There are 2 protein chains.
Amino acid sequence: MNLTNAWNILKENGFKETSKRNQILELFANDERYLTARDLLDVMQKDYPSMSYDTVYRNLATFVSLGILEETELSGERHFRMQCESDHHHHHFICMDCGKIKEIPVCPMDMLGAALPAYEIANHKFEIYGKCPECK
Amino acid sequence: MNLTNAWNILKENGFKETSKRNQILELFANDERYLTARDLLDVMQKDYPSMSYDTVYRNLATFVSLGILEETELSGERHFRMQCESDHHHHHFICMDCGKIKEIPVCPMDMLGAALPAYEIANHKFEIYGKCPECK
DNA sequence: TTTCTAATTAATAATGATTACGATTTACCT
DNA sequence: AGGTAAATCGTAATCATTATTAATTAGAAA
């Protein structure tokens, strides 16, 4: 996902183009790490000292619902990053030091077989945590 | 994990036997669902109206650190349940209606192969969410 | 370009989960 | 039974997140 794609999606869904929104998206476009609402706010307030949490959270929710951002829970806090470009389903390794991610091309659901008969599966989560080569 | 095992572990590590601790453990021993701190407190306060959050959280942390309870994050809240008896590594299906779990005998790490060379893997999370046959 | 209106934002308060702290009580060792 | 460290209580503080209301702004229409 890049800036242009993100704005196309936003426009298609009737969202207005604001400088705050654009800067949030730029931040994500230039950072492959997972960021928290606070991370965002801290950076944004350098350019927009009046930026408020409401704006951050509202836009994060919008972006996630439109598939522009993806979200995960790390040590009790919500983290966000730009949706991967990959067109096929995959999962992530997450570096607990620098926050960078690496795509894992496999999905455990493939080897589930008949392990859950009569169960209705809604979704699943598979993540690997550790240190990337640079941080090791 | 059952009550006796839990107390053995606690005693081995120098923890005292208190009625609060025992009731928390009994609750978990009789409930296969994941429970939140609030769930616990609500039930406990019927017998011990003076029970405080501090006691609940302190004991939950103790139990998790000793491997008596296991913990996961569900919709932004910490949830706890008795550690499984199974001796071999496994994962969980979690019913989003009733909270009951079912063990999944497979681990995605098995099919990882050389997908993460030079990465240091610390841990991983694999959970499946949906509805169990009873709730469907 | 000006005007209008709904979307967006700012400022701040409220909420809910979790943690912290000083005072009191309790388990358990001798 | 007495001493002591652990455990608990009562309550306040903290942190992330959500809600509220008033002011501002983007984009459409005149």
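Lettering of chains follows the sequences in order, A, B, ..., and the numbering in each one begins at 1. In this text, all values refer to a predicted model and were calculated from it rather than measured experimentally.
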Task: Protein-nucleotide distance (R58(B), atom CZ; dG10(D), atom P), rounded to Å - done: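 Taking CZ of R58(B) and P of dG10(D), I get 13 Å after rounding.
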Open item on the list: I need a per-nucleotide contact map over nucleotides 16-22 of chain D, read 5' to 3'. Cutoff is protein heavy atoms under 4.0 Å; write B for the base, S for backbone only, - otherwise.
Closed with: SBBBB--
Taking only residues two or more places apart in sequence or in another chain, which ones pass salt bridge (Lys or Arg N to Asp or Glu O under 4.0 Å) with [X]?
X: K11(A); result: E17(A)
X: E73(B); result: none
X: E32(A); result: none

Please enumerate all protein N or O atoms sitting under 3.5 Å from an N or O of nucleotides 27-30 of chain D, with distances to 0.1 Å.
residue	atom	partner	partner atom	Å
dG27(D)	OP1	E17(A)	N	2.8

Please tabulate, for the side chains in residues 88-95 of chain B, all donor-acceptor contacts under 3.5 angstrom to protein atoms that are two or more places apart in sequence or on a different chain.
residue	atom	partner	partner atom	Å
H89(B)	NE2	H91(B)	NE2	3.2
H89(B)	NE2	H124(B)	NE2	3.2
H90(B)	ND1	H88(B)	O	3.1
H90(B)	NE2	H92(B)	NE2	3.3
H91(B)	ND1	F126(B)	O	3.3
H91(B)	NE2	H124(B)	NE2	3.2
H92(B)	ND1	E70(B)	OE2	3.4

Please table the atom pairs, donor to acceptor, closer than 3.5 Å between any side-chain atom in residues 129-136 of chain A and protein atoms at least two apart or in another chain.
residue	atom	partner	partner atom	Å
Y129(A)	OH	E127(A)	OE1	2.6
K136(A)	NZ	A118(B)	O	3.2

TODO: Would you list the pairs meeting ring pair (Phe, Tyr, Trp, His ring centres under 6.0 Å) in which at least one residue belongs to residues 12-39 of chain B, sequence neighbours left out?
DONE: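 The answer is none; no pair qualifies.
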Task: Inter- and intrachain pairs under ring pair (Phe, Tyr, Trp, His ring centres under 6.0 Å), touching residues 59-87 of chain B, at least two apart - done: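 Qualifying pairs, neighbours excluded: none.
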Open item on the list: If the helix axis at each end comes from five base pairs, how far does the helix from dT1(C)-dA30(D) to dT30(C)-dA1(D) deviate from straight, to 10°?
Closed with: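 Taking five pairs per end, the axes differ by 20°.
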With a 3.5 Å cut-off and sequence neighbours excluded, list the donor-acceptor pairs that the side chains of residues 97-117 of chain B form with protein atoms.
residue	atom	partner	partner atom	Å
E103(B)	OE1	S86(B)	OG	2.5
E103(B)	OE2	S86(B)	OG	2.9

- [ ] Considering only heavy atoms of chain B and a distance under 4.0 Å, specify the first and last nucleotide of DNA chain C in 5' to 3' order that meet this criterion.
- [x]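 Using the under 4.0 Å cut-off, the span is dA17(C) to dC28(C).
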TODO: Provide the closest heavy-atom pair for D39(B) versus T36(B) in the form atom of the first, atom of the second, distance.
DONE: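 Looking at all heavy atoms of both residues, the shortest contact is OD2-N, 2.9 Å.
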